Amino acid sequence: MIDIKLQNLFEKSIKKCIKDGVFSIDSIPKLELATSKRPEHGDLATNIAMIIASRAKKKPIDIANAIVANLPEEKGLVKNVTVAAPGFINIVIDPALFLEQLREIYAAGEKYGVLDVGKGKKCQVEFVSANPTGPLHIGHGRGAVYGDVLGNIMKAAGYEVTKEYYVNDAGGQIRTLGRSIYLRFLETEGKKVAYPEECYQGDYIVDLARELSQTSRAKLFSLAEDDAIELCGEFAATKILGEIKRDLAETGVIHDLYFHENRLHTDAAIDRAIAELKNHGHIYEHEGALWFRSTAFGDDKDRVLKKSDGELTYFAADIAYHKNKFDRGFDRVIDIWGADHAGYVERMRAAVVAMGYQKESYGVVLIQLVNLMRAGEVVSMSTRSATYETLEDVRKYVGRDVCRYFFLMRSHNAQLDFDLELAKKETPENPVFYIQYAHARIASVFRKAKEAGVSTDLSKVDLAALDLPEEWQLARLVGDYPKVIQDCVATLEPHRLSFYLMELAKAFQGYYSRGRSDARYRIISNDPARTAAKLFLLKNCQIVLQNALKILGISAPEEMVREEDE
RNA sequence: GCGCCCAUAGCUCAGUGGAUAGAGUGUCUGCCUCCGGAGCAGAAGGUCGCAGGUUCGAAUCCUGCUGGGCGCGCCA
């Protein structure tokens, strides 16, 4: 809003400068406004004079001065404008304008921060997609929370989002799973078997074998070995997928759709996808196998779709799945993969482009791995015996909110050290509590106000009663929220929201705490107009805290309860 | 060997070409008669891995190094 108004003012001024012959350029550059880091640089700053200077071959400072001199007057917008070397234009906004924004926020309520940049386009976010052969580990957890929150952010930004989980329930891995179960079953029957290294080693395999045995012992003996293994595989995969879903649900991650790979096989979708590539001339045969010429689209080497033994590769199924995605009408398809799949990106992109879909509509986000730590020591992830290895164990140990926040407080393309002992600490070192505390404190003030019989009717508030710099600052900060959402969408980086929340919480705590020593800062006073205005400001802070926490999938408690008090 | 990611305060990390590089934590010093001290204010702490280059301006972009992580199958 403010941006647009300023854009207009500057455009007018620049046009006048051109007309007056101060400088000459072909087109007017877009006005970039940055929030100033230092108070003496005003609220906003623009570098437009320097941009123009480089094009017009003039001194930036002269251009800045000319632009400022020609800025039209507009009441209630700009309070002051100054020029600083080498050519910055610093703008002080009328504080009343930030305060006015509060009314919009209050009116929008939980809709505040909902944007239309997505314009209702259909967006699919695929994440987790772990094979149903074992429990989710902490790395899956990071991808799960990232994908969930990215989906929430895209939704808030105006996309129509589908969160999806691709289930690899066909092929070799499920057969191996079935064999693992079957062999463990034989063991429980007292048979001596050699348990191969490539089979799944976890204890859960034994548990599943026992469980299946209870209902289907006779059947397993009556079937031919291959059929028995298939039965074991189906049983275990279904069971494990159920566990994964429950695990995700408890982490606050809900997918809209579980897409089963099996479907692609039963309705010949893979054949159709290969045919599609063939029509475009990107398929050839070599040494009895069927190849996709992915090198034509920037991949390192061509890839096999059908092996010489006649079996399809997983890549073939993945291509069919992605064809399916685009055929369902998604304008944007975002895959979220672990960093260990980086080598897979180029071939998938190649396939998407080769089938004739827009390159820009497809994106892959790689999530770097997680190092699980305990009090500074790395907890081994390779040994199955390690205690806190699964997502479930970690979540149960630290709690859902902390678990999610730790995954969200870091850029996804940096590795994450997840320290269990640090996450477990409830006091200052743990930002999630600090943010929640800000929310709870506001709730507490409202309870107090009610007790004291203060009117909490916020429909008519005199904003002029907010006359402290910290109050303008807070108003400005909550006004930044939609921009933060926009940035998160543009960069696909939800951690920016976490950092914003921290900043907002800090600004609020600082403001609130001054009330201890300075009566002007106390929220509830015997001045009804000031009290109402301050409550209104707090309410707006609370709205933003709530909306942002909701996107992150973290609770916004009305009060904080210490664990030892429970 | 090739590809991708990372390197910023003691530690963990922000910083999508802008001004004197910021938080949290740790260390040190203060602060409460009163709305929640899980708090607040302040101080100290930096050759932004190294070397070049592009630019009015580089932690940010380009090139080459160094160090760490991941990946390079007719595996999944």
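If you're wondering where the values come from, they're calculated on a predicted model, not measured in any experiment. Below, chains carry the letters A, B, ... as their sequence lines are ordered, and counting in each starts from 1. We use all heavy atoms of the structure for the numbers below, so side chains are in, but hydrogens, waters and symmetry mates are not.
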Give the nucleotide from the list B:A38, B:C74, B:A23 with an atom nearest to the side chain of A:K506.
B:A23

Can a salt bridge be assigned to the pair A:E493 and A:R496 using a cut-off of 4.0 Å between side-chain N and carboxylate O?
yes

Rounded to whole angstrom, note down the C1' distance from B:C6 over to B:C75.
28 Å

Please report the closest heavy-atom contact between A:R349 and A:Y362, naming both atoms and the distance.
NH1-O, 3.7 Å

Could you check A:R175 against A:E311 for salt bridge (Lys or Arg N to Asp or Glu O under 4.0 Å), going step by step and ending with a plain yes or no?
CA-CA 14 Å; A:R175 215 174 304 133; A:E311 201 165 329; 3.7 Å; yes

Mind checking if A:H286 touches a base, just sugar-phosphate, or nothing, with heavy atoms under 4.0 Å?
base

By the 4.0 Å heavy-atom rule, please label A:A490 as base, sugar-phosphate, or nothing.
nothing

Ranking A:R447 and A:G510 by the position along RNA chain B of their nearest nucleotide, the one closer to 5' is A:R447

In this structure, how many angstroms lie between the P atom of B:G18 and the CD1 atom of A:I48, rounded?
15 Å

Considering every strand and a 4.0 Å limit on heavy-atom distances, what is the contact class for A:A339: base, sugar-phosphate, or nothing?
sugar-phosphate

Tell me whether the side-chain N/O atoms of A:K37 come closer than 4.0 Å to OP1 or OP2 in B:A19.
yes

If stacking means aromatic ring centre less than 5.5 angstrom from the base's six-membered ring centre, planes under 30°, is A:F88 stacked on B:A19?
yes

With no hydrogens and no angle check, do the side chains of A:N168 and A:E261 hold a donor and an acceptor under 3.5 Å apart?
yes

Hey, is the side chain of A:R410 poking within less than 4.0 Å of OP1 or OP2 on B:C13, counting only N and O atoms?
yes

Does B:C75 have OP1 or OP2 under 4.0 Å away from a side-chain N or O of A:K307?
yes

Pairs counted as Watson-Crick or G-U wobble with both distances under 3.5 Å: what dot-bracket string results for RNA chain B, using | for bases tied to another strand?
(((((((..((((....[...)))).(((((.......))))).....(((((..]....))))))))))))....

Look at A:S444 and B:G36 and indicate whether a side-chain polar atom (N or O) is within less than 4.0 Å of OP1 or OP2.
yes

Categorize A:R38 for me: base, sugar-phosphate, or nothing, with a 4.0 angstrom heavy-atom threshold over every strand shown.
base

Could you tell me whether A:R476 and A:D43 make a salt bridge, using a distance below 4.0 angstrom between a side-chain N and a carboxylate O?
yes

Looking only at B:C5, B:G15, B:G73, the nucleotide nearest the A:R496 side chain is B:G15

I want to confirm an ordering. Mapping A:A85 and A:H412 to their closest nucleotides on RNA chain B, which one lands closer to the 5' end?
A:H412

Look at all strands and tell whether A:A449 reaches a base, only sugar-phosphate, or nothing, counting heavy atoms closer than 4.0 Å.
nothing

Would you kindly say whether A:Q486 and A:Y481 are connected by a side-chain donor-acceptor distance under 3.5 Å?
no

Does the A:N262 side chain pair with the main chain of A:A170, one donor and one acceptor, at a distance under 3.5 Å?
no

Using a 5.5 Å cut-off between ring centres and planes within 30 degrees, is A:H41 stacked on the base of B:A19?
yes

In whole Å, measure the gap between the C1' atoms of B:C13 and B:U54 for me.
29 Å

Send over the distance from A:Q368 CD to B:A7 P, rounded to a whole Å.
11 Å

Hey, does A:G515 reach any base, or is it just sugar-phosphate, or nothing, if we go heavy atoms under 4.0 Å?
base

Using atom types as modelled and distance alone, determine if a side-chain donor or acceptor of A:E471 lies under 3.5 Å from a backbone N or O of A:L468.
yes

Short side-chain N/O contact from A:Y511 to OP1 or OP2 of B:G39, under 4.0 Å
no

